[in-house]
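Small disclaimer: the values here were computed from a predicted structure and weren't measured. Computed over heavy atoms, backbone and side chain alike; hydrogens, waters and symmetry mates excluded. Just so you know, residue 1 is the first one in the sequence shown, and it goes up from there.
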Amino acid sequence: MRTLGIILLALGVIGVLISLPFLGFAALGHLGILADAGPAENHAMGVHALSFGLPPLICGVALSMLGLPLIARRHRRAATDPGTASGRLP
């Protein structure tokens, strides 16, 4: 289970990192400084970049939220088992 949690967390981080450039371009487009074009074209480019950036961001956050409890559950269970926390043999 821990390996699955690490894989899900890694895929989530990759998804978030993929979305960052698109969301940066979307912010520049909405501010009107993305390209040497009119405000309407900049806004359209910003909306287009936002539509490319949101799906990887949502998937990345969802995968991370699925992976974090799997990693945390493993640590919590090992700490509450009798004999494992103190290092004594049963």
Side-chain angles (χ1 to χ4, degrees):
M1 284 302 251
R2 182 182 170 129
T3 305
L4 179 64
I6 291 172
I7 290 171
L8 287 174
L9 187 63
L11 288 173
V13 168
I14 289 170
V16 169
L17 289 177
I18 287 172
S19 72
L20 287 179
F22 291 114
L23 296 177
F25 286 134
L28 290 176
H30 284 291
L31 291 174
I33 55 175
L34 180 60
D36 190 21
E41 287 182 65
N42 274 325
H43 183 72
M45 285 188 253
V47 169
H48 195 66
L50 188 64
S51 69
F52 278 150
L54 278 181
L57 179 69
I58 292 169
C59 290
V61 169
L63 288 173
S64 296
M65 291 299 116
L66 288 174
L68 282 175
L70 291 176
I71 294 171
R73 183 182 312 151
R74 178 74 176 166
H75 288 294
R76 192 177 324 129
R77 186 179 308 143
T80 58
D81 285 344
T84 58
S86 63
R88 293 181 290 156
L89 293 174

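Among residues at least two apart or in separate chains, side chain to side chain donor-acceptor pair (under 3.5 Å) pairs with a member in residues 19-32 are His30-His43.
Following chains of ILVMFWY side-chain contacts shorter than 4.5 Å, one cannot reach Leu23 starting from Ile18, and the two form parts of different hydrophobic clusters. The cluster map of Ile, Leu, Val, Met, Phe, Trp and Tyr, joined by side-chain heavy atoms under 4.5 Å apart, puts Leu20 and Ile14 in different clusters. Hydrophobic clustering of Ile, Leu, Val, Met, Phe, Trp and Tyr side chains at less than 4.5 Å, counting indirect connections, keeps Val61 apart from Val13. Cluster membership for Phe22 and Val16, using ILVMFWY side-chain heavy atoms within less than 4.5 angstrom, is not shared. Linking ILVMFWY side-chain heavy atoms closer than 4.5 Å, directly or via other members, places Met65 and Ile6 in a single hydrophobic cluster.
Residues passing the side-chain hydrogen bond (donor to acceptor under 3.5 Å, both in side chains) test with His48, sequence neighbours excluded: none.
The distance from the CD1 atom of Ile7 to the CG atom of Leu70 is 11.0 Å, given to the nearest 0.5 Å. Here the CD1-CG distance, from Ile71 to Leu66, works out to 11.5 Å after rounding to the nearest 0.5 Å.
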Go through the steps to decide whether Leu9 and Leu63 satisfy the test side chain to side chain contact (heavy atoms under 4.5 Å, CB included), and finish with yes or no. CA-CA 6 Å; Leu9 187 63; Leu63 288 173; over 6 Å; no
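Counting side-chain heavy-atom gaps under 4.5 Å among Ile, Leu, Val, Met, Phe, Trp and Tyr, the cluster of Met45 also holds Phe25, Leu28, Leu31, Ile33, Leu34.
Across every non-hydrogen atom of Ala26 and Ala49, the tightest pair is N-CB, 3.7 Å.
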